[in-house]
Engineer: 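Here it is, the structure in full.
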Amino acid sequence: MSRPELGTTRLARRAGSPQQRGPASVGHEGAKTTPYGRPVLKEPVWTWEIPCYFYTGGLAGASAILAHLAEGQGNPQLARRGWAAALAGAGASPAFLIADLGKPARFFNMLRVLKVTSPMSVGTWILSASGVSIALAAVRAWTGLFPRAGRAGSAVAAALGGPLGTYTAALVADTAIPVWHEARHELPFVFAGSAAASAGALATAWTPAKHAGPARWATVGGAVVEVAATQLMEHRLGSVGEPYHEGPAGRLGMAAKAMTTAGAAAIALRGRRSRAAALAGAALVTAGSLCERWSVFKAGFQSAARPDDTVVPQRERIERGDTRGAVRRTSPNGRVDTDKASPAIVAHRD
Amino acid sequence: MPGLGTSFGRGGATTFQQDLQNSDCILIMGSNMAEQHPVGFQWVIEAKERGAKVIHVDPRYTRTSAMADLHVPIRGGTDIAFLGGLARYILENDRDFREYVRHYTNAHVIIKDGYQGPEAQPDDVGAAQASEAGSRAGGKPTGLFSGWQADEQLYRIDTWGYAGTSGETAGGGKVQAADVSGEQAHGAHGVNLDRGEPPQVDFDLEHPNCVFQILRRHFARYTPEMVADVCGVPEEQFVRVAEWLCDNSGRERTSAFVYAVGWTQHTHGVQNIRAASIVQLLLGNIGRPGGGIMALRGHANIQGSTDIPTLYNILPGYIPMPHPQQTPTLATFVEKNGPKTGAWGSLDTYMTSLLKAWFGEAATAENDFCFNHLPRIDGDHSIYPTMVRMIEGQCKGLFAVGQNPVVGSANARLQREALSSLEWLVVRDLAEIETASFWYDSPEIEAGETSPEQIGTEIFFLPAASHTEKDGTFTNTQRLLQWHHKAVESPEDCRSELHFMYHLGKRIKARVEGSTDPIDRPILDVTWDYPTQGPDDEPDAEAVLQEIGGRHADGSYVGKYQELAADGSTACGSWIHAGIYNDGENQTARKKPHTEQNWIAPEWGWAWPSNRHILYNRASADPEGNPWSERKRYVWWSAEEGKWQSVGDDVDFPPTKAPDYVPEEDAEGMAAMRGTNPFILHPDGLGWLYAPTGLVDGPLPTHYEPHESPVDNALYGQRANPTRQEFDREDNPYHPPGSDVFPFVLSTYRLTEHHTAGGMSRTLPYLAELQPELFVEVSPELAQERGLRHADWATIVTARTAIEARVMVTDRVRPMTIGSHPPRTVHQVGLPYHWGRNGIAKGDAANELVSMVLDLNVHIAEYKVLTCDVRPGRRPRGKDLTAYVEGYRRRAGVLHEARHPGD
Amino acid sequence: MGIDAKLVPPLLRQLREPLGLGRSVQSRRSRELTPRTKTADRVVQSVCPYCAVGCGQKVYVKDEKVVQIEGDPDSPISRGRLCPKGAASEQLVNSPLRETKVKYRRPYGTEWEELDLETAMDMIADRVVKTRKETWEQETDDGRPLHRTRGLAFLGGATLDTEENYLIKKFFTAAGAISIENQARI
Amino acid sequence: MGYSLPTTAWPSSYGEHARARKGFFTDTSVCIGCKACEVACKEWNDVPARNGAQPAYFTGESYDNTIDLGADTWRHVAFVEQRKALDVDDGMGMSLAEAAALEGMARSEGLATYQDGEGMRWLMASDVCKHCTHAACLEVCPTGSLFRTEFGTVVVQEDICNGCGYCVPACPFGVLDQRQDDGRVWKCTLCYDRLKDDKEPACAQACPTNSIQYGDLDELRERADERLQQLTDAGLEQARLYGADDQDGVGGFGAFFLLLDEPEAYHLPPDPVDTTRDLGGIYRATAAAAVALVAGLTAAVLGGRR
């Protein structure tokens, strides 16, 4: 919390926002929005490493699947490069996390427990297991050493690839931030598409065109899913999705769509024949994928800072009668007003 | 405290905080209790939970208002108009508790014929000096009592007395006026009555000159309409307050009043409290559970530091300091200062015991018990005139001990001027407060007007011990002394004041040892041997407390003040504290959990006098000695046992004096007190609706405008309190009345999050962050008028200087509409005063703006109401500030000459 | 439960509590947590030094240092409660801004200087004696006793103890100093 | 001992070590906004003040200068100044002058004004961690730093927290935050250490008017019901309980409130939800996406052969 410029306050800086009232009277009885436009939620504390990690995790997961399938199909060129990409992604991911946490011990502290209620805990175990198995598979793919362990690693890595590529969507969806939580059904597909596109793009760029057919397909298919799922997500979010249309999240989202579409088109149309088109397309898709993750990341911050996005949907739920909310008033005759039942609570609870 | 002293006899709250829970209605006025006394406020909440009405009358809507059933916004400084309105409402609607009023107050006493109240028309007065005021007032009554001496600006009070008496101290000079006022008025020394009976009475209350009728005439024009015009309180709201109070007073119900410095810090502060006392006496609420007047003090031991005073005009136990004219000997001192009847009838025993405590073996009957060792006062030696004497080079040394006048006193610049003029200054505090750092950091240094090289004051800063580092007692707001135990040794050079004073005294004694100069005799004779302990030779606070509580010649402890003797066989440092070591036990250190005793908790600490919690509690029973009602049972007479009983408190009455006791001829002291008279410190044993003596500005409270006010007095020709104490100096300029240049009313106040001048709060990270910056509270209307932006800066200007503060635009401050022909709007501005240049939370000090103008009764400054201007933006810096303020002075026509009569 | 839970790592403890939300993930520090009010060497009853409500305080001392000050539930006035200032008393006592050494500023000096406490006390005593003598008023013009000095003054805060005020009033009155004043006027 | 108001891990995981579920009932109808709770909390828990490098400043938000709950504020008193009868629209986007002018007009037209004693109220409320029955922060914590204590409260173990920050956006009330200098997350512990010695939490002990009440949660709920009834009977119809029932989105609060306005007026969400209740759906969607990823890549590999 730093002092704002002389003569201004958070209130003044928010001048013009719909929450601002006259400075004298900050509220009225029965206020529907918070006084002073103060947010209800906290913005996440995560820094730039986290969207990078979203990307590298997706890259590692999808690359492992791609490599494993390529192995099975007898495409060692693609497989070896796929394992390398997976290894790079799996190696970079903890590095980013440790950078965010501050020191390595803090990463390993997460292996103290396994909590199914925590996508991050589950993800950490997936990441750790993936890391080991990808490493084994990659060693075998490049050196032929430890063949049995490598084969096992390959299978495990491929099996974990899906979760590794998508669990970060579950991670952000399981928060109170409206733009993340309300997109919980779409976000995994956005991330899955993005993961496929990222892995495909890297492999496309690196693998000789002759062997890179699956990679090109993955790139294009992933890009299509990524863009389509994003569109669907934004549509379904409605007003809560406004952060995707303004500020950094909006700009990053636009860039992501443009670059991903352009890159995918380049690869689809010219990727097989033109090395330059393949490289350019791969670069664009990679950048698009990163931008997409950044867009989602930033949208969360913007969403948390908007009290209306938190309060209004909740108030609407109550007014629709979907829930009674957390408030209880006695009825005029003194009996407790419990006529509106709240929905059953499901899932893992504490 | 003289307000309470003259009304009831003792200068302390008449009740205790826990008793507020028994109230049926609580009027909080001149206090922001929820903010300034949050923990005490739990008892108001308790009362509220039991169904009591809580009323808050205050210019601002505060955290107290938020908890009240009714907040009544009032124009600052008009409390007497409001309270006088209540008195009139009660009288005109026969809502007074007549039986109580008839027997327990002086309503039935007939006043001298020569007495004339402020309702007199200019022609009636016949005094030439009043005519000017009258002509200016356009037919309004003068607003002056009989005896006004325009040339001296003082009253001669001999017409104010009870008919048939002559003992009142004569007025006729500032010098003498100051003697009989102030803290000395405790018990109203100086009225002599034969066997405690006023000579002329009318129990039918119909004699035109009886107090009851005088009161009716005095307040006749304080109608609800007038209250609305003067205070800005709508009539309906005023009537609601009056009805709530009346409905909740009487046999079955009681109402309590709560006040603090919102009433005292005015040029008519004492009379504010007098007005409240009158209302409470009329309603019969004094001395009864759930009733009373709760005076809320702002500091841990502020009550204690008047009881055992560090005040110039009194000795411990409210004994007046001797005066050269009146008191060449102890006998004449006692005669002049002690009425023959009531508890003050034994002044000789109190005084002799005090002298024995101070001068020990040296004090003998032959040498008048060293009475002549005492210095004499013959004028106002209070702190403000003393600061002026410093500027004039007459006072050369100052000890500022736990006190920060540069932030806490009115006209901070003048305070610094005084400090800069000293030869030496000793500052003792926990942190380096502004009073210690003024020589290198001050607005004057910032403006380039002075520099350390030009300030010749030699300064000693001595670090103090905290409350956890010493034993001792605080006397809280309800007269309760509580012992606090030492927990740890103080660090490094930090020492208690006990240590400082004791060892300084030792050194001074050593320096005059062997001196034959008579001026050194008192120092040589003063007893100064207290046992010390610990590595720092800390004096034993218990030994000091034992001296205060008193001993007999055989060394045994005095059990109660009635044991004190005038023959030198007892030594007692403070007669009101006699018994504090009863049974050899430190009574103040008793800490029996409240859960293990009755709700009064008499075994927790010790309340003076004699561990009484509700004073004058004889009044909780009817004249026959029966409780007024079962619901309000507190003290009653048991004929079977021949003594007074109570629900658990000490009875504030001779324990075996029957209700039907009538004094014999020539009875003196307590023997001259009827069995029906609850106010035993008064010579007549009555609650004083009308104060025949003790006050310099009138026997009854009268509405005057504050010294600086935007409007004229709607009731009288006399604008402000005629006796107010001014300092007409170039460095203390005043605003002309009604000045357009300073159109707004400013009130200073405190916040929960800080403490007084900030030395104990601005230095603490946890408190500093809660209110980090000085702010000024203004209404949306004023913000619009002056272009002030919320949270931006504003400059607040008076003729003294200008300061800057953040703007708080809030609906909690509202402009007041006053007067009816035509109505006009008065804007009020609120400014907390805690900030200064040191500590963590820094800012300009509000008291830079306040002028020195005092209530002559007690020499307290008018911090609560002054006029000002407010402008957007920060204040000018350096020399520009000087020019800026000078411009204001010029435009306002601020002159330095004495005021005109009637002003 | 057979095995000493303290020795088993959380992951294994989770066998008994699969979700790992409660006791299985409790750390050793959490298990053994003890409030400092319990580990204090002693507790002393005191009174809040701020306003005049007179709230009871309990002062906890560990290794000759105040480690906690909180409301005294035994007090009939405060019943264990405190306001923000009272609650900050521990910080008042251990304040980072608290001064613990004597500071001396000579006339026209531009800096604080260090001074030994004993020396400071001696110097102050000298000044009192000197000023008193210089400004002594023995009697009025018409020969009535005054026996006083108005050359030195005292301004005390109202947070001084009763006993301290008593010694101050007693000694200064004996020394003839009459401008002995306090916060009550302010 | 019978245990009421159970959570998933309490009392089950503690066996005979479980204690009664403890909580706060904060009755804002008697809160005087003194902030003793803020200070007592900081003092006991050694929470840093917001001074020093980033000093506190005048926020202009009534008497609130600590702004919100966070790593360095575990109790926070909200101040809400409200006009009552005089409902001048809601002042949206109005300048001060416009608002003031409008209000002046309202007065001249004879609407209720402040001087009639009905025009103003000042709400104060001490906010704190809710110690939810279903606590998202605790559920999402990957290290087990956040855990359910034997008192049924939710506590961050400072020796375990790795500063991952997941709990920060997970909390539907915005209670938790990271401390800048050490990266870890801090919040109210309901004075876990004091509870172990059967001592009241510091804030509740300090509270001058007993606005903050501490005790067994089931008893507090009964007391709150009585209080609500009492206030309603007294005509204070704005009174309502917040978080006093099991049915809400977090299964009831361990620290619940009596409010005098909608929760939004105090910066509180009207229908807070533990998002982990949707975790089944989230995992299903994620699994579907993972399967789709595998399927898509399989298709790509197959399709890419040609």
Side-chain angles (χ1 to χ4, degrees), chain B residues 37-40 297 299-300 302 304-306 308 310 312 324 375-376 381 383 386 396-403 424 431 452 456 458-459 461 463 466-468 472-474 476-477 482 484-485 487 491-493 497-498 501 505 507-508 511 522 526 541 544 593-594 601 604 763-764 766-767, chain C residues 44-47 49-50 52-55 59 61 74 76 78 81 83 88 91 93 97-103 105 107 110 117 120 125 127 129 131 140 144 146-148 151-168 171 174 176 178-182 184-186:
Chain B
H37 303 89
V39 183
R297 317 295 185 198
H299 301 247
I302 200 149
S305 49
T306 42
I308 292 189
T310 42
Y312 82 91
R376 305 300 204 257
H381 311 295
I383 190 62
T386 301
K396 299 173 176 181
L398 173 69
F399 294 89
V401 178
Q403 185 66 10
W424 52 267
E458 181 182 33
I459 303 169
F461 177 85
S466 74
H467 73 296
T468 56
T473 55
F474 290 140
N476 84 343
T477 196
Q482 299 184 88
H484 57 84
H485 294 277
E492 302 193 86
D493 292 350
E497 268 57 58
L498 205 64
M501 195 64 238
R507 281 171 162 82
I508 293 169
R511 276 160 178 70
V526 71
V544 179
H594 70 94
W604 181 276
T763 50
L764 308 190
Y766 289 159
L767 296 178
Chain C
V44 169
Q45 282 177 296
S46 188
V47 180
Y50 285 95
V53 168
C55 300
V59 181
V61 180
D74 290 346
S78 59
R81 304 165 190 184
C83 79
Q91 206 169 49
V93 174
L97 272 71
R98 192 170 163 193
E99 299 284 348
T100 57
K101 298 296 282 182
V102 173
K103 287 172 156 186
R105 186 257 178 180
T110 54
L117 177 61
R127 276 144 191 76
V129 170
T131 303
T140 60
R144 295 168 190 266
L146 284 172
H147 301 170
R148 71 179 186 196
L152 60 99
F154 179 95
L155 180 59
T159 309
L160 274 54
D161 290 342
T162 305
E163 295 75 15
E164 296 174 333
N165 282 330
Y166 179 78
L167 285 198
I168 289 162
F171 192 86
I178 54 172
S179 294
I180 306 304
E181 287 276 291
N182 75 49
R185 300 260 189 241
I186 314 291

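Letters A, B, ... mirror the listed sequences (proteins, then strands); counts begin at 1. Values below: all heavy atoms of this structure, side chains included; hydrogens, waters and symmetry mates excluded.
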Engineer: Of the backbone (N, CA, C, O) and the side chain (C-beta and beyond), which part of Val44(C) lies under 4.5 Å from a heavy atom of chain B, both, or neither?
Structural biologist: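 Interface part for Val44(C): side chain.
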Engineer: Under 3.5 Å, is there a donor-acceptor pair between the side chain of Glu163(C) and the main chain of Ala541(B)?
Structural biologist: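 No: the side chain of Glu163(C) does not pair with the backbone of Ala541(B).
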Engineer: Against chain C, work out which of Pro593(B), Gly402(B), Ala601(B) has the most heavy-atom pairs shorter than 4.5 Å and name it.
Structural biologist: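 Of the options given, most contacts go to Pro593(B).
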Engineer: Taking side chain as everything from C-beta outward and backbone as N, CA, C, O, which of these in Thr386(B) sits under 4.5 Å from a heavy atom of chain C? Side chain, backbone, both or neither.
Structural biologist: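 Just its side chain gets close to chain C.
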Engineer: side-chain contact (heavy atoms from CB on, under 4.5 Å), that's the test. Do Val544(B) and Leu167(C) meet it? Break it down for me.
Structural biologist: CA-CA 8 Å; Val544(B) 179; Leu167(C) 285 198; 4.2 Å; yes
Engineer: Can you tell me which of Gly176(C), Ala52(C), Ala125(C) forms the most heavy-atom pairs within a distance under 4.5 Å of chain B?
Structural biologist: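 The candidate making the most pairs under 4.5 Å is Ala52(C).
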Engineer: Using a 4.5 Å cut-off on heavy atoms from C-beta on, say whether the side chain of His484(B) contacts that of Pro49(C).
Structural biologist: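 Sidechains of His484(B) and Pro49(C): no contact.
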Engineer: When only pairs under 4.5 Å are counted, which of His381(B), Glu492(B), Arg507(B) shares the most heavy-atom pairs with chain C?
Structural biologist: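 The residue among His381(B), Glu492(B), Arg507(B) with the greatest pair count is Arg507(B).
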Engineer: Kindly indicate whether the side chain of Ile508(B), heavy atoms from C-beta on, has any atom under 4.5 Å from the side chain of Phe171(C).
Structural biologist: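 A side-chain contact exists here, since the closest heavy-atom pair is under 4.5 Å.
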Engineer: If we define contacts as heavy-atom pairs under 4.5 Å, which of Ala120(C), Ala153(C), Cys55(C), Gly156(C) has the most with chain B?
Structural biologist: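 The candidate making the most pairs under 4.5 Å is Ala153(C).
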Engineer: Taking all heavy atoms of Pro324(B) and all of Arg144(C), pick out the closest pair and write down the distance.
Structural biologist: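 Taking Pro324(B) first and Arg144(C) second, the nearest heavy atoms are O-CD, 3.6 Å.
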Engineer: What part of Val102(C) gets closer than 4.5 Å to chain B, counting heavy atoms only: side chain, backbone, both or neither?
Structural biologist: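 Backbone plus side chain of Val102(C), per the 4.5 Å heavy-atom cut-off to chain B.
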Engineer: Do you know which two heavy atoms are closest between Cys83(C) and Pro38(B), and how far apart they sit?
Structural biologist: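 In this case the closest contact between Cys83(C) and Pro38(B) is CB-CG, 3.6 Å.
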Engineer: Taking every heavy-atom pair that is under 4.5 Å apart, which of Ser305(B), Gly304(B), Pro522(B) has the most such pairs with chain C?
Structural biologist: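 Option with the top pair count is Ser305(B).
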Engineer: Would you say Phe474(B) and Asp161(C) make side-chain contact, with heavy atoms under 4.5 Å?
Structural biologist: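 Heavy-atom side-chain distance check passes, below 4.5 Å.
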Engineer: Mind ranking His147(C), Gln91(C), Lys103(C) by heavy-atom pairs under 4.5 Å with chain B and telling me who comes out on top?
Structural biologist: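 The option with the most such pairs is Gln91(C).
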Engineer: Identify the two heavy atoms, one from Pro491(B) and one from Arg98(C), that lie closest to each other, and give their separation to 0.1 Å.
Structural biologist: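 Closest pair (atom of Pro491(B), atom of Arg98(C), distance): CD-NH2, 3.9 Å.
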Engineer: Which atom names give the shortest non-hydrogen contact between Gln403(B) and Gly157(C), and what distance separates them?
Structural biologist: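 Looks like OE1-CA, 3.3 Å.
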Engineer: Using the side chain to side chain donor-acceptor pair (under 3.5 Å) criterion, which residues pair with Thr310(B)? Sequence neighbours excluded.
Structural biologist: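 Listed in chain order: Asn182(C).
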Engineer: Tell me, for Thr131(C) versus chain B, whether the close heavy atoms (under 4.5 Å) come from the side chain, the backbone, both or neither.
Structural biologist: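 Contact with chain B is through the side chain of Thr131(C) alone.
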Engineer: Of all the heavy-atom pairs spanning Arg105(C) and Pro452(B), show the shortest one and how long it is.
Structural biologist: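 What the structure gives for the nearest pair is NH2-O, 2.9 Å.
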Engineer: Not counting sequence neighbours, which residues clear side chain to side chain donor-acceptor pair (under 3.5 Å) with Thr140(C)? List them please.
Structural biologist: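 Here the qualifying residues are Asp142(C).
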Engineer: Heavy atoms, side chains only, cut-off 4.5 Å: are Arg127(C) and Glu458(B) in contact?
Structural biologist: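 Counting from C-beta outward, Arg127(C) and Glu458(B) do come under 4.5 Å.
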Engineer: Return the option, out of Leu767(B), Thr473(B), Asn476(B), Thr468(B), with the maximum number of heavy-atom pairs under 4.5 Å with chain C.
Structural biologist: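 Going by pairs under 4.5 Å, I would pick Thr473(B).
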Engineer: Which heavy-atom pair separates Val47(C) from His467(B) by the least distance, and what is that distance?
Structural biologist: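 Heavy atoms of Val47(C) and His467(B) come nearest at O-CD2, 3.2 Å.
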